[in-house]
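None of the values given here were measured: they were computed from a predicted structure. Residues take their numbers from the sequence shown, with the count starting at 1.
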Amino acid sequence: MNILGISAFYHDSAACLVRDGEIIAAAQEERFTRKKHDPGFPHRAIDYCLREGQIELKDVRHLVFYDKPLVKFERLLETYLAFAPRGVQSFVAAMPVWLKEKLLLKSLLQKEFLQHAPDLTTSSLPQILFSEHHESHAASAFFPSPYEKAVVLCMDGVGEWATTSAWLGQGNTLTPLWEIPFPHSIGLLYSAFTYYTGFKVNSGEYKVMGLAPYGEPKYVKAIYEHLLDLKPDGTFRLNMEYFNYCTGLTMTGGKFDDVFGGPPRKPESKLTQREMDLARSVQEVTEEVMLRLSRTLHRETGVDYMCMAGGVALNCVGNGRILREGPFKGLWIQPAAGDAGGALGAALTAWHQYEQQPRKVTSGKDGIKGSYLGPCHSNEEIEAYLKKVDAPYVRLDENQLYARVAEELAAGKVVGWLQGRMEFGPRALGGRSILGDARNRDMQSVMNLKIKYRESFRPFAPSVLRERVSDYFVLDADSPYMLLVAPVVEKRRLPVSSAQDGLWGIELLNIPRSDIPAVTHLDYSARIQTVHQDTNPRYYALLKAFEAKTGHAVLVNTSFNVRGEPIVSTPEDAYRCFMRTEMDVLVLENCVLLKADQKPLEGDSDWKKEFELD
């Protein structure tokens with residue numbers, strides 16, 4: 001039985017194909033359209049999933065949408081009525097779209113799906129089902145998890161009504177336990193501070209998390225006094241007098257400005273100590289909410305394992321604290337935890353809940369295959385493209401490849417790395433990555449300023465062999481999806497150094513260092529990816545080759561893209577990104593390209609205009 005799940009029309013549209021309960025393919029639309037966070041109908045992602053599954057749309061049993069638009073419309077109307085007459089501007093902006101498209105979503109979906117099957121009619125299309133938003137999140141987290149029984153915590157901005165929900169998963173069933181309704185949302189609280197500190201909502205939240213260690217938690221008291229009523233069990237209410245998202249076109253209003261010392265920072269303007277302190281404060285509050293809720297779930301259910309999804313589950317600092325300080329024996333976080341993962345959850349909901357099919361659990365292994373669920377490209381395809389664009393390269397066998405790339409990395413080179421299937425979710429995990437030597441103290445600034453073209457304060461993540469993770473970090477658990485932050489072990493910490501960074505006006509003095517400085521953040525922490533031979537044998541082999549050459553089993557791993565651009569998908573995307581940056585080496589499967597050998601791209605001098613800089 002083939003089931004196709006989709007998420008669309010809000011942000012991060014995606015498609016996922018599940019066959020007899022096995023995840024066959026999943027991808028975000030942005031990777032194909034090259035439009036970051038593309039919210040449109042995922043035509044190209046659907047085409048890929050059908051192609052990967054070697055089927056046509058007529059071979060699909062169910063088409064499943066990841067939320068229920070009529071329930072969401074009910075929430076919008078009730079919210080506008082509750083705040084009337086305030087909110088008329090937002091109401092006027094939102095209603096035409098709803099009345100024209102979203103209220104007639106089933107008809108719109110049928111029309112869009114028919115583009116993939118011109119031989120079908122509306123009546124002969126596969127059945128269209130609708131899952132609830134948080135049910136899709138919960139299903140995406142529990143059903144592929146390695147646990148027979150687990151509690152599930154879902155936290156995001158808002159679904160239909162729920163902003164936070166708790167579930168009990170056992171076997172092939174998910175039972176709702178409780179939820180916190182809109183407008184009270186820890187995700188929207190974090191987004192309000194994202195907006196207020198000058199970053200883009202729904203994409204800049206991870207920048208706030210990265211900025212937090214540079215600040216002090218001096219606004220925590222003000223958040224609790226004015227914005228958030230947090231109970232001992234982790235439940236909460238927001239004081240809506242300080243927020244504008246229910247009635248206006250911004251996240252915060254004048255009363256918010258009064259509490260925190262002025263208007264929001266203008267995007268792209270100088271970052272000040274205030275923004276750093278605000279980031280640290282909202283991060284600490286969010287972590288406290290996450291910890292209290294997780295402890296409450298354990299106390300209420302007695303279950304020893306927890307799964308997480310929703311946008312807040314991408315807060316890897318909070319996740320790390322739950323693992324270290326919380327009561328659970330194990331924690332599993334869905335790698336595409338945001339709305340893209342709703343496509344996966346919708347498909348699995350139909351298989352397990354609607355069709356009532358049993359679930360297979362393999363102890364210690366999840367069902368998401370390392371999140372390598374996107375397209376791949378053969379060496380023959382790659383060579384045909386490189387010859388077409390007249391790009392000099394060499395093709396190496398396996399042993400030559402890993403030794404050569406390890407040598408380049410050890411020499412301080414920055415390497416673009418495209419191998420195997422593309423990752424599903426926001427993190428590059430060794431399929432579409434830019435790599436560097438974690439021992440190189442200049443690597444962070446080089447990558448940020450000359451490769452990624454982004455803010456200099458942004459930290460980079462380490463990829464480490466799973467069996468060596470405890471040699472470098474205070475962690476002895478799998479973290480394959482780069483969703484856990486842990487401290488660098490004490491023995492690897494070095495004396496502080498002094499530095500100054502003029503970009504964005506940040507002065508960095510007395511910076512903590514370690515013997516892996518390129519992945520050590522200001523607070524001696526790192527966002528860790530453990531690399532496993534069974535899920536990514538080629539990336540694992542590269543790390544082993546680097547370990548053999550240097551004695552270190554850690555590499556810098558960042559996503560293969562520049563600021564404002566989605567992660568690359570194809571060899572063509574990768575070559576273009578390689579040529580537009582100061583990367584030294586490009587590895588496309590077994591083909592190795594050196595920047596020094598390449599000719600400049602023709603007619604590409606104004607490429608940065610293509611990308612929206614947030």
Side-chain angles (χ1 to χ4, degrees), residues 34 36 207 210 268 382 385-386 389-394 401 404-419 428 430-463 499-504 506 508 516-519 542 546 550 554-588 591-614:
R34 312 308 302 154
K36 196 168 184 179
K207 298 182 184 181
E268 306 299 319
I382 291 166
Y385 168 72
L386 294 176
V389 298
D390 194 25
Y393 72 95
V394 293
L401 176 70
R404 171 69 181 276
V405 178
E407 183 178 344
E408 298 283 7
L409 288 164
K413 303 294 180 64
V414 178
V415 176
W417 176 260
L418 183 148
Q419 298 287 322
R432 305 291 185 275
S433 292
I434 298 174
L435 308 177
D437 186 348
R439 303 170 303 159
N440 188 327
R441 63 177 56 249
D442 297 324
M443 190 58 64
Q444 181 183 9
S445 60
V446 168
M447 280 189 161
N448 269 327
L449 303 182
K450 296 184 177 182
I451 310 296
K452 303 285 282 187
Y453 301 123
R454 69 184 196 181
E455 303 94 334
S456 59
F457 68 82
R458 303 269 294 278
F460 287 106
S463 291
Q500 182 168 329
D501 191 335
L503 188 67
W504 303 97
I506 299 178
L508 309 180
I516 45 172
V519 295
L542 175 61
F546 187 76
T550 67
V554 181
L555 288 173
V556 181
N557 175 12
T558 189
S559 55
F560 199 151
N561 64 318
V562 295
R563 183 176 181 230
E565 179 189 39
I567 296 174
V568 303
S569 174
T570 66
E572 181 179 0
D573 297 335
Y575 182 72
R576 190 186 310 116
C577 185
F578 170 65
M579 292 300 297
R580 288 170 169 175
T581 67
E582 296 184 43
M583 265 183 274
D584 303 297
V585 182
L586 175 63
V587 184
L588 304 173
C591 300
V592 179
L593 295 80
L594 301 180
K595 176 64 67 62
D597 297 339
Q598 309 302 313
K599 297 179 296 184
L601 288 177
E602 295 183 5
D604 198 51
S605 59
D606 61 347
W607 65 271
K608 288 185 182 179
K609 294 179 182 178
E610 296 180 20
F611 304 125
E612 179 184 1
L613 299 183
D614 48 353

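- Asn448 has its side chain within reach of Phe460: a pair of non-hydrogen atoms, C-beta onward, lies under 4.5 Å apart.
- For Met583 against Phe560, the heavy-atom pair with the smallest separation is CE-CE2, 3.5 Å.
- Distance check: Lys595 NZ to Gln598 CD gives 8.5 Å after rounding to the nearest 0.5 Å.
- Taking CD from Glu407 and OG1 from Thr550, the interatomic distance works out to 12.5 Å, rounded to the nearest 0.5 Å.
- In this structure, Asn440 has no side-chain hydrogen bond (donor to acceptor under 3.5 Å, both in side chains) partners at least two apart in sequence or on a different chain.
- A distance of 6.5 Å separates CE in Met447 from OG1 in Thr558, rounded to the nearest 0.5 Å.
- Between Val562 and Cys577 the shortest side-chain heavy-atom distance falls below 4.5 Å.
- Residues Leu386 and Cys591 have side chains in contact (heavy-atom distance under 4.5 Å, counting atoms from C-beta outward).
- Between Tyr393 and Ile382, every side-chain heavy-atom pair lies at or beyond the 4.5 Å cut-off.
- Here the side chains of Met443 and Val414 are in contact, with some heavy-atom distance below 4.5 Å.
- Defined by atom type and a distance below 3.5 Å, a donor-acceptor pair is present between the side-chain atoms of Thr570 and Asp573.
- Of all heavy-atom pairs spanning Val554 and Pro462, the tightest one is CG1-CB, 3.6 Å.
- In terms of heavy-atom proximity, Tyr453 sits nearest to Arg580 at OH-O, 2.9 Å.
- Contact check for Asp390 versus Lys599: side-chain heavy atoms found under the 4.5 Å cut-off.
- Two residues are said to be in side-chain contact when any heavy atoms from C-beta on lie closer than 4.5 Å; Leu594 and Glu408 meet this criterion.
- A donor-acceptor contact shorter than 3.5 Å is absent between the side chain of Lys413 and the backbone of Val405.
- Nearest heavy-atom pair across Gly436 and Leu555 is O-CD2, 3.5 Å.
- Between Val556 and Ala518, the shortest heavy-atom contact is CG2-CB, 3.6 Å.
- Looking only at distances, a side-chain donor or acceptor of Lys452 sits under 3.5 Å from a matching main-chain atom of Ser559.
- Just one residue in the list Val585, Leu586, Val415 forms a side chain to side chain contact (heavy atoms under 4.5 Å, CB included) with Val592, and that residue is Val585.
- Note that the CD atom of Glu572 and the CG atom of Leu588 stand 11.5 Å from one another [nearest 0.5 Å].
- The closest side-chain heavy-atom distance from Arg432 to Leu418 is below 4.5 Å.
- Between Lys36 and Glu565 there is no salt bridge, since none of the side-chain N atoms of the basic residue sits less than 4.0 Å from a carboxylate O of the acidic one.
- Atom-to-atom distance recorded for Asp442:CG and Asp437:CG is 11.0 Å, nearest 0.5 angstrom.
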Quiz item: Would Trp417 and Leu542 satisfy side chain to side chain contact (heavy atoms under 4.5 Å, CB included), going step by step from the backbone distance to the final call?
Solution: CA-CA 11 Å; Trp417 176 260; Leu542 175 61; 3.8 Å; yes

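- Contact detail for Gln419 and Val587: the closest heavy-atom pair is NE2-CG1, 3.5 Å.
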